[in-house]
> 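The structure that follows is given in the form of structure tokens.
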Amino acid sequence: MSNLARKYFEQQQTEQKVQNKNQVKIKKSWLTPGEKIIGIVFTGVVCFGAVHLISNQSKIYEVNKDIQKVEVKVNEQQKVNRDLQVQVSELSSYERIFKKAKDMGLFINENDVKVVQKR
């Protein structure tokens, strides 16, 4: 009987091995393929948006820098213009013109002097 019991025991072991081999383990994925594709597309859109935003900020910075340079040049030119306006007012004074006329040998003839009025 021991031979029969041994055969029965071996047969049970082989059946268990066959049953274990037939069972296919289904591995559950954390994400489905559709969710993975959506995630990759979303990540790409976010990266593209970030790069686009940074490039726009860089362009805005460059334009602001150019504007500031132009403003500095305008202020310098305004200073030069004010200085020249002061020189014009100093050089066009009546006393200076009269002195220059005397130095050049001109004299005032009251019959030839005409009064001009500003409008």
Side-chain angles (χ1 to χ4, degrees):
M1 274 293 255
S2 71
N3 219 2
L4 185 61
R6 191 178 296 163
K7 283 185 180 181
Y8 180 72
F9 180 70
E10 287 176 6
Q11 189 180 8
Q12 279 185 337
Q13 284 181 349
T14 56
E15 285 179 9
Q16 285 178 355
K17 286 181 183 178
V18 170
Q19 285 178 356
N20 286 343
K21 286 183 182 179
N22 286 341
Q23 292 177 354
V24 177
K25 291 186 177 179
I26 299 174
K27 188 176 178 182
K28 282 204 166 189
S29 177
W30 186 61
L31 294 173
T32 64
E35 290 173 336
K36 288 179 184 177
I37 291 173
I38 290 173
I40 290 170
V41 169
F42 179 74
T43 303
V45 168
V46 168
C47 289
F48 175 76
V51 168
H52 191 65
L53 180 71
I54 290 171
S55 68
N56 282 344
Q57 289 295 329
S58 172
K59 290 175 186 175
I60 290 171
Y61 174 76
E62 291 295 325
V63 169
N64 283 338
K65 193 166 70 171
D66 292 341
I67 289 172
Q68 287 178 352
K69 286 180 182 178
V70 169
E71 286 177 348
V72 167
K73 287 181 181 179
V74 166
N75 287 337
E76 290 174 1
Q77 189 63 41
Q78 285 176 345
K79 286 180 186 178
V80 169
N81 289 347
R82 280 193 299 266
D83 291 342
L84 291 175
Q85 188 65 34
V86 169
Q87 284 181 358
V88 166
S89 65
E90 288 175 356
L91 293 175
S92 65
S93 67
Y94 178 76
E95 291 82 23
R96 182 184 171 283
I97 293 173
F98 187 70
K99 182 180 175 188
K100 286 287 183 183
K102 273 190 176 181
D103 291 342
M104 296 175 88
L106 299 175
F107 59 94
I108 294 179
N109 185 353
E110 293 185 15
N111 293 333
D112 292 336
V113 175
K114 296 181 181 177
V115 177
V116 177
Q117 295 179 351
K118 290 185 180 180
R119 291 185 187 191

> Report the hydrophobic cluster partners of L91, with the cluster defined as I, L, V, M, F, W, Y residues connected by side-chain heavy atoms closer than 4.5 angstrom, directly or transitively.
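Besides L91, the cluster holds no residue at all.
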> Quick one: does K73's side chain get under 4.5 Å of V70's, heavy atoms only?
no
> Less than 3.5 Å apart, which donor and acceptor atoms pair up between the side chains of residues 38-59 and the rest of the protein, not counting sequence neighbours?
residue	atom	partner	partner atom	Å
T43	OG1	G39	O	2.8
S55	OG	V51	O	3.4
S55	OG	H52	O	2.8

> With a 4.0 Å cut-off on N to O distance, would you call K65 and E62 a salt bridge?
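Salt bridge flag = yes for E62 with K65.
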> List the atom of R96, the atom of E90, and the distance in Å for their closest heavy-atom pair.
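Answer, listing the atom of R96 first, then E90: CD-O, 4.0 Å.
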> Under 4.5 Å between any side-chain heavy atoms of V80 and Q77, yes or no?
yes
> One pair to check against side-chain contact (heavy atoms from CB on, under 4.5 Å): N64 and I67. What are the steps and the verdict?
CA-CA 5 Å; N64 283 338; I67 289 172; 4.3 Å; yes
> Rounded to the nearest 0.5 Å, what's the gap from CD on E71 to CD on Q78? Could you check?
10.5 Å
